[in-house]
Novice: 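There's a structure below that I have some questions on.
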Amino acid sequence: MQFKTERKVGKTGVMLVGLGGNNGCTCVAGALANKLNITWETKEGTQKPNYWGSLLMASTVKLGNDRTGNSVYTPMHNMLPLL
C-alpha cells in the first residue's frame, strides 16, 4: 500500500463584484502603488502614493436631511482643508 503525503495547495482567488468599475480600479491601483512604493515626477517634485488622498477624494459624508426628508451628502474633501 502506498500513501501520498505531499500535496501542493493551490492559490485561492477572490472575485469582487464591481471591481472593474471606477472605484474598484482606483482601489486596486492605489493598493499596488503603495505596495510597490511607486514614485513619479511632477512640476512640484517627486510624488508618492498614499491611502489618505484616495479616501478623502472618494468618500462622502452624510450631513443630515433637507426639509423634505431627503439625505444630504457632501464629499469629504469639501469638509477638510487640503494641504
Side-chain angles (χ1 to χ4, degrees):
M1 194 174 269
Q2 194 173 26
F3 293 98
K4 184 177 179 182
T5 57
E6 289 185 29
R7 181 174 176 172
K8 182 178 178 185
V9 179
K11 292 184 179 181
T12 302
V14 177
M15 183 179 85
L16 300 174
V17 177
L19 185 62
N22 185 30
N23 291 335
C25 291
T26 302
C27 178
V28 170
L32 285 173
N34 279 286
K35 178 182 177 183
L36 300 174
N37 200 22
I38 294 173
T39 61
W40 62 95
E41 297 294 326
T42 65
K43 292 186 285 186
E44 289 80 25
T46 303
Q47 300 290 315
K48 297 186 309 184
N50 67 44
Y51 286 112
W52 299 113
S54 296
L55 177 70
L56 291 176
M57 296 304 286
S59 299
T60 59
V61 176
K62 182 177 179 180
L63 294 177
N65 296 327
D66 61 11
R67 293 181 186 182
T68 60
N70 295 324
S71 297
V72 177
Y73 295 91
T74 187
M76 189 180 287
H77 67 87
N78 287 345
M79 298 181 63
L80 301 172
L82 297 178
L83 301 176

Novice: If you measure from CD1 on I38 to NZ on K48, what distance do you get to the nearest 0.5 Å?
Specialist: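 One gets 13.5 Å once the value is rounded to the nearest 0.5 Å.
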Novice: Could you state the interatomic distance from CG (L32) to CG (N37), rounded to the nearest 0.5 Å?
Specialist: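 Answer for the CG-CG pair, L32 versus N37, is 13.0 Å.
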Novice: If the condition is side chain to side chain donor-acceptor pair (under 3.5 Å), which residues does T68 pass it with, not counting sequence neighbours?
Specialist: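 T68 satisfies side chain to side chain donor-acceptor pair (under 3.5 Å) with D66, N70 once adjacent residues are dropped.
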Novice: Return the minimal non-hydrogen interatomic distance between N65 and V72, and the atom names on each side.
Specialist: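 Looking at all heavy atoms of both residues, the shortest contact is C-CG2, 4.2 Å.
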Novice: In the hydrophobic clustering that connects Ile, Leu, Val, Met, Phe, Trp and Tyr at side-chain heavy-atom distances below 4.5 Å, which members other than Y73 occupy its cluster, ordered by chain and number?
Specialist: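 Joined to Y73, directly or through intermediates: none.
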Novice: Can you tell me how far CD of Q47 sits from OG1 of T42, rounded to the nearest 0.5 angstrom?
Specialist: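 Atom-to-atom, T42:OG1 and Q47:CD are 4.0 Å apart.
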Novice: How close do A33 and P49 get, heavy atom to heavy atom, and via which atoms?
Specialist: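 The pair with the smallest heavy-atom distance is O-CG, 3.5 Å.
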